[in-house]
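The structure displayed is predicted, hence computed values, not measured ones. The figures here come from the full heavy-atom set of this structure, side chains too, leaving out hydrogens, waters and symmetry mates. Just so we're on the same page: letters track the sequence lines, and every chain starts at 1.
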Amino acid sequence: MISETSTLDAVSAPADTRDDADAGATRSARLAFAWEPWLLWLALIAAWQGIASLIAGQGNPLLPPPVVVLDALWQSLPELFTGTWSSLLILLPGFALAVVGGVGLGLVAGTSPRLGRAFFPFAKVAAPVPPTVYIPYAIAVLPTFHLSATFVVFVGAFWPVFQNTVAGAHAVEGRHRDNAAVLGFSRLEYLRKVVFPASLPHIFSGMAVGLGFGFILLTVAELFGANAGLGRFVQYYADFADYPRMVAGILYTGVVTWAAMTVLERVRARALFWLR
Amino acid sequence: MSDATTAALRLERLRFGYGGTTVLDGIDLAVEEGNFLALLGPSGSGKSTLLRLIAGLERPESGRVFAGDRPVAGPDVERAVVFQNYALFPWMRVVDNVAEGVRKARPGIARTAARVRAADYLERVGLPGVAESYPFELSGGMQQRAAIARALALESPFLLMDEPFGALDPVNRARLQDLLVELWQGRAPRPTVVFVTHDVDEALLLADRVPVLGASPGRVITDFAVPFERPRSRAALFGEHRFHALRESIAEALDADTLARLAAA
């Protein structure tokens, strides 16, 4: 089925762009390249099916075949959607706080030598602590699970954003600094009109890492104490040894993560259009 | 040499170095108001550093820079600077880059009014219709025109230029040289210009006066007045024997400096 749609795409592509030979050439080149991922997907699903039927023949339920998982996924979709909603209500505030705080503090600490001297020794000690170790303590100390999980996501996403923003602020080109100086920019103008946009490539790198961390911490935190959410879904059906739903939950979580990363990548491409 | 009290720009016993290397030493220079000065020197003569000192982007080891009657303590919008690498902010539209200059010259001006004036300046430097473009959409020559427009928008009494046409092709370079002189002459009172270059012909075409810097350490080895009437044309200059005599003298001064340095080494 997958190979059929791909063939259709490949055939129809040159017809789409026949009016422009160059564009047509690059487009079909790109499409030819896009074959590989689909082939890999196909191979993986085939392998999955192969192994699943092999061990199912021995009466082992650990790896349900694709069709069974697909059915479980379909059955669980309402539950997964509520779970996604519950998870996003933790992830998005935590991540947004981390971005606002990390970028704000990073810009200030990255441009002020004094604040830098105050912050960086602390950051050096605090940043490498695996944020997962905060989870039990946060759950114990903070009044609600939602607050604890949000805090942990925030901590996990904060450091990559902060550190990358500082790196970006340090990497502002001398010519931009000189131009800001001869244009008489105030410190605030310099931060807003020069350092912030110039640091955006670094900031987006930090955000991508931070978002990844955020998903990891979110799902781990949900294993501990949630009553809804993506991580909770998998943990819950693990308790019942419902492997089709577990695998469905894992796949679904992968898709949600991928979608979030794709959105971030789109925003990045938009914001950095001037980067040539 | 002009009287120090009427000088718009005065450098006194200026010395600058870093890491034990002396880049500039014993620089004394007084520039009259409205003068067009071309600082000429080989690479390593510290001419760009000297311009940065005048701009206030570097602090001297000893000695002082006066702009008007005030000592230079840091960068100031009264000394507009155009750098070699058309340093527009790449994330701002061309018109917004220029509008930054307008806003500094007229604090409190409304955003739209600043943009209108900025578009005006762009038109004056021969860039109509690119206001809403981004710098990466412009050629090097066009970006440098926009950088000049931004400097002009500051309406500063001083215009400092660091090899502004160094990266341009000959055709664009000639066009921008003419444009610069036209804009400089068109303003009343004329701004005092310090133009750094290593191109002798460019210096003689543009400037009223050409101090020549020697290298290691950079210092003024000689200082020529350029007597040619304005408007100047390249064709007329190249036909003039005084032009060739001046060129010759400058080349001799630079050669003598190089030979003395080699002999000392």
Side-chain angles (χ1 to χ4, degrees), chain A residues 23 99 103-104 106-107 110-114 161 164-208 264-276, chain B residues 48-49 51-52 54-59 67 72-94 96-107 114 118 133-138 143 146-147 150-156 158-162 167:
Chain A
V99 169
V103 170
L107 289 179
T111 50
S112 152
R114 182 170 294 160
V161 174
N164 277 278
T165 306
V166 169
H170 284 170
V172 173
E173 285 178 53
R175 56 193 185 124
H176 296 324
R177 275 203 304 272
D178 287 347
N179 272 286
V182 300
L183 281 167
F185 279 4
S186 68
R187 178 158 167 70
L188 196 67
E189 276 180 304
Y190 177 56
L191 284 178
R192 192 166 63 84
K193 293 178 181 171
V194 182
V195 184
F196 173 64
S199 306
L200 275 178
H202 284 84
I203 291 174
F204 275 106
S205 305
M207 282 168 70
L264 184 63
E265 178 51 40
R266 291 271 164 83
V267 175
R268 196 194 87 93
R270 270 227 138 153
L272 297 182
F273 67 92
W274 48 269
L275 209 63
R276 303 280 154 135
Chain B
S48 291
T49 307
L51 195 88
R52 293 177 66 82
I54 298 171
L57 290 166
E58 307 280 356
R59 308 301 304 274
V72 167
D76 191 298
V77 290
E78 77 156 8
R79 275 162 281 123
V81 186
V82 178
F83 297 99
Q84 175 171 7
N85 302 316
Y86 6 94
L88 302 171
F89 299 119
W91 45 81
M92 283 184 199
R93 290 180 195 277
V94 173
D96 291 322
N97 264 284
V98 179
E100 291 300 335
V102 174
R103 256 196 287 279
K104 289 301 162 186
R106 296 154 190 273
S133 304
Y134 281 91
F136 67 80
E137 297 170 292
L138 270 53
Q143 288 187 41
R150 189 175 66 184
L152 289 175
L154 286 171
E155 298 178 17
S156 316
F158 295 95
L159 181 57
L160 312 178
M161 309 183 89
D162 186 6

Do other residues, nucleotides or ligands put more than 12 heavy atoms under 6.0 Å from the CZ atom of A:Phe196?
no
Within residues 80-93 of chain B or reaching into it, pairs that qualify as salt bridge (charged side-chain N to carboxylate O under 4.0 Å, His left out) - sequence neighbours excluded
B:Arg93-B:Glu132
For chain A, find which of B:Trp91, B:Phe136, B:Tyr134 contributes the most heavy-atom pairs closer than 4.5 angstrom.
B:Trp91
Under 4.5 Å heavy-atom distance to chain A, tell me which part of B:Leu88 shows up: side chain, backbone, both or neither.
backbone
Could you check which of A:Ala198, A:Gly184, A:Pro197, A:Ala181 has the highest count of heavy-atom pairs closer than 4.5 Å to chain B?
A:Pro197
Let me know if A:Glu173 has heavy atoms under 4.5 Å from chain B in its side chain, its backbone, both or neither.
neither
Indicate yes or no: at least one non-hydrogen side-chain atom of A:Leu183 is less than 4.5 angstrom from one of B:Leu154.
yes
Within a strict 4.5 Å, meaning less than it, do heavy atoms of the A:Asn179 and B:Glu100 side chains meet?
no
At a heavy-atom separation under 4.5 Å, does A:Ala271 approach chain B through its side chain, its backbone, both, or neither?
neither
Quick one: closest heavy-atom pair of A:Asp178 and B:Arg52, and the distance?
OD2-NH1, 2.7 Å
Side-chain ion pair, B:Arg103 and A:Glu189, N-O less than 4.0 Å:
no
Pairs touching residues 72-90 of chain B that satisfy salt bridge (charged side-chain N to carboxylate O under 4.0 Å, His left out), sequence neighbours left out:
B:Arg70-B:Glu78
